[in-house]
Participant: 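Got a structure here, written out as structure tokens. Questions coming.
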There are 2 protein chains.
Amino acid sequence: MEAASKKTAVGLSTADALLNATSALMTERNSVDVTFMDIAARSGVNSALIRYHFGNKVGLFKRLLERDAGKTIEDLDALVRADIPPAQKIHHHIFGVINTYFRFPYMNRLIAALSNDAESETARFIAERFTRPIAAAQKAILEQGQRDGTFRAIDPMLFHFSLIGACDNIFQARYSLQHAFGIEEISDDLRRRYADHVSSLVLKSIVAD
Amino acid sequence: MEAASKKTAVGLSTADALLNATSALMTERNSVDVTFMDIAARSGVNSALIRYHFGNKVGLFKRLLERDAGKTIEDLDALVRADIPPAQKIHHHIFGVINTYFRFPYMNRLIAALSNDAESETARFIAERFTRPIAAAQKAILEQGQRDGTFRAIDPMLFHFSLIGACDNIFQARYSLQHAFGIEEISDDLRRRYADHVSSLVLKSIVAD
């Protein structure tokens, strides 16, 4: 089918245009509830072509997640192996996670939607491709800090959930930001202040006594 | 309509039976995507009666939230005014929030669904009834700690988002717990360990240097 490699006016492939439209809709709606009809309307691409490119919604969501977060996961390995103090690794990791949510605020909702999928195959894929590598990297950094005496003993699983939740919530609860604090949009300055806040929250709490 | 005050065999009012059925479905599915048909099937109550009692889905969701979290909000005021050290107040607050998510793991998804409602009236109601009182209580406790010299200066808004996110995430990301860590269910012991973890994370990080 020729459409598969067709480029749009700005040089995007059809698949990229569809992923961009999906990403924009999820960001605007602060929700992953988007239909093929919405995506077709937004991208100007016939919804039959969405099926052609991605099969079903799970296929589309998986490709979007890979596009948005794949690189972050690849980078983790280099961070773990880097020759820098563990506290600095935690700081970089927190900024990396928050930058990802800043660019793709629907990220964790997308992961949740895929993990709640009736096919447990999808949930396993997500755990293996995303959650486990992140948790393993965090564990390795915590262990490095415990070995060199800079960190206290801390449960890596509990640490994982509290860190990811803290990083994500300002993006997920954007409505609270708006209705309870009067802030319409997360600016780059707020992103940086939030990352500094979470980083100092975490680092002050894990240093060895 | 007589049904409004009709009690079921176990003495529940119809409205309570409907709220219980909704709560059970949301907990099982780890999602707030439930329809009146689902609730009717689960409770054995005709879906016309759901409309009679709650009007629409937003009406039902608001009543459920009020039932699940109303008491926690009322208790906050007493906590702020209590004659105990601010660190102890933060500890109690974190246990209270986590206990609420433990009992009603869909809580934050319910708040998000209501806040994303097309009627901005609903989002404002949620902010005024839930988010603002919680944020105000946290701010008052932080200020008490700064006045008595036990806490460092900390931005109460950033603190709010990081604390709520950390408390919520293990419940929200239950699929990660299952697929990445092999834990099927959040036991009472895990709830307590998680609350201890978050409490010590937060308290160690906000003590004055």
Side-chain angles (χ1 to χ4, degrees), chain A residues 29-31 33 108-109 111-117 120 123-128 130-132 134-136 152 154-155 157-181 183 190 193-194 196-198 200-207 209, chain B residues 29-31 33 108-109 111-117 120 123-128 130-132 134-136 152 154-155 157-181 183 190 193-194 196-198 200-207 209:
Chain A
R29 294 182 183 176
N30 199 22
S31 164
D33 286 335
N108 269 337
R109 259 82 45 88
I111 289 176
L114 286 170
S115 301
N116 275 333
D117 188 62
S120 62
R124 261 196 302 277
F125 163 81
I126 295 296
E128 269 157 38
F130 296 95
T131 317
R132 276 192 211 155
I134 294 172
R152 67 183 171 99
I154 200 153
D155 183 312
M157 183 184 85
L158 305 183
F159 181 79
H160 169 76
F161 286 108
S162 57
L163 185 146
I164 293 295
C167 287
D168 183 45
N169 192 43
I170 201 169
F171 303 99
Q172 182 149 176
R174 220 170 49 185
Y175 48 83
S176 293
L177 202 59
Q178 186 180 344
H179 296 286
F181 296 97
I183 295 176
L190 179 54
R193 286 198 300 128
Y194 192 64
D196 271 331
H197 164 81
V198 175
S200 94
L201 192 85
V202 169
L203 286 173
K204 277 178 193 286
S205 80
I206 63 176
V207 289
D209 294 324
Chain B
R29 294 181 183 177
N30 199 21
S31 164
D33 286 334
N108 270 337
R109 259 82 44 89
I111 289 176
L114 286 169
S115 301
N116 274 333
D117 188 63
S120 62
R124 262 196 302 276
F125 163 81
I126 295 297
E128 270 156 37
F130 295 94
T131 318
R132 276 194 211 154
I134 294 172
R152 67 182 171 100
I154 200 154
D155 182 312
M157 183 184 85
L158 305 182
F159 181 79
H160 170 76
F161 286 108
S162 57
L163 185 146
I164 293 295
C167 288
D168 182 44
N169 192 43
I170 201 169
F171 303 100
Q172 182 149 177
R174 219 169 50 185
Y175 48 83
S176 292
L177 202 60
Q178 186 179 345
H179 296 286
F181 297 97
I183 296 176
L190 179 53
R193 286 198 300 127
Y194 193 64
D196 271 331
H197 164 81
V198 175
S200 94
L201 192 85
V202 169
L203 286 173
K204 277 179 192 287
S205 81
I206 62 175
V207 291
D209 293 325

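Small disclaimer: the values here were computed from a predicted structure and weren't measured.
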Participant: Could you tell me which portion of B:Asn30 (side chain, backbone, both or neither) has an atom closer than 4.5 angstrom to a non-hydrogen atom of chain A?
Facilitator: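 Backbone plus side chain of B:Asn30, per the 4.5 Å heavy-atom cut-off to chain A.
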
Participant: Once you measure the plane-to-plane angle for A:Phe130 and A:Phe125, does it fall in the parallel (<30°), tilted (30-60°) or perpendicular (>60°) bin?
Facilitator: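 Taking A:Phe125 first and then A:Phe130, their aromatic rings stand perpendicular (interplane angle over 60°).
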
Participant: To the nearest 0.5 Å, what is the distance between CZ (A:Arg132) and CZ (A:Arg124)?
Facilitator: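 The distance works out to 9.5 Å.
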
Participant: Looking only at heavy atoms and a cut-off of under 4.5 Å, which of A:Ser31, A:Ala113, A:Ser176 has the most pairs with chain B?
Facilitator: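 Answer, by heavy-atom pair count under 4.5 Å with chain B: A:Ser176.
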
Participant: Counting only heavy atoms closer than 4.5 Å, note whether B:Leu163 contacts chain A via side chain, backbone, both or neither.
Facilitator: neither

Participant: Could you check which of B:Ile170, B:Val207, B:Val202 has the highest count of heavy-atom pairs closer than 4.5 Å to chain A?
Facilitator: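 Maximum pair count with chain A is reached by B:Ile170.
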
Participant: Measure A:Ile126 against the heavy atoms of chain B and call it side chain, backbone, both or neither at under 4.5 Å.
Facilitator: neither

Participant: Just to verify, what does B:Phe171 make a ring-ring contact (aromatic ring centres under 6.0 Å, His included) with, not counting sequence neighbours?
Facilitator: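 If we apply the ring-ring contact (aromatic ring centres under 6.0 Å, His included) test to B:Phe171, skipping adjacent residues, there are no hits.
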
Participant: Looking at chain B, which one of A:Gly165, A:Ser200, A:Ala173 has the largest number of heavy-atom pairs inside 4.5 Å, strictly under?
Facilitator: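 Going by pairs under 4.5 Å, I would pick A:Gly165.
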
Participant: Using a 4.5 angstrom heavy-atom cutoff, name the option from A:Ile206, A:Asp209, A:Leu177 with the most pairs to chain B.
Facilitator: A:Leu177

Participant: Please give me the minimum heavy-atom distance between A:Ala123 and A:Ser115, naming the atom from each residue.
Facilitator: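 For A:Ala123 and A:Ser115, the tightest heavy-atom pair comes out as CB-O, 3.5 Å.
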
Participant: Between B:Leu158 and B:Asp155, which heavy-atom pair has the shortest distance, and what is it?
Facilitator: N-OD1, 3.1 Å

Participant: Please step through side-chain contact (heavy atoms from CB on, under 4.5 Å) for the pair B:His179 and A:Thr131, ending with a clear verdict.
Facilitator: CA-CA 9 Å; B:His179 296 286; A:Thr131 317; over 6 Å; no

Participant: side-chain contact (heavy atoms from CB on, under 4.5 Å) between B:Asn169 and A:Asp168: does it pass, once the steps are laid out?
Facilitator: CA-CA 9 Å; B:Asn169 192 43; A:Asp168 183 45; 5.7 Å; no

Participant: Could you look at A:Phe159 and say if it's the side chain, the backbone, both or neither that has a heavy atom under 4.5 Å from chain B?
Facilitator: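 Both backbone and side chain of A:Phe159 come within 4.5 Å of chain B.
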
Participant: Under 4.5 Å heavy-atom distance to chain B, tell me which part of A:Glu128 shows up: side chain, backbone, both or neither.
Facilitator: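 No part of it gets close to chain B.
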
Participant: Which residues pass the side chain to side chain contact (heavy atoms under 4.5 Å, CB included) test with B:Ser162, not counting sequence neighbours?
Facilitator: A:Ala166, A:Tyr194, A:His197, A:Val198, A:Leu201

Participant: Report yes if the side chains of A:Tyr175 and B:Leu114 come closer than 4.5 Å at any heavy-atom pair, otherwise no.
Facilitator: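 A:Tyr175 vs B:Leu114: side chains apart.
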
Participant: Counting only heavy atoms closer than 4.5 Å, note whether A:Ile154 contacts chain B via side chain, backbone, both or neither.
Facilitator: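 Contact with chain B: side chain only.
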
Participant: Using non-hydrogen atoms only, which part of A:Arg29 is less than 4.5 Å away from chain B: side chain, backbone, both, or neither?
Facilitator: backbone

Participant: Identify which of A:Cys167, A:Ala135, A:Ser205 forms the greatest number of heavy-atom pairs closer than 4.5 Å to chain B.
Facilitator: A:Ser205

Participant: Tell me, side chain or backbone of A:Asn108 under 4.5 Å from chain B's heavy atoms, or both, or neither?
Facilitator: backbone

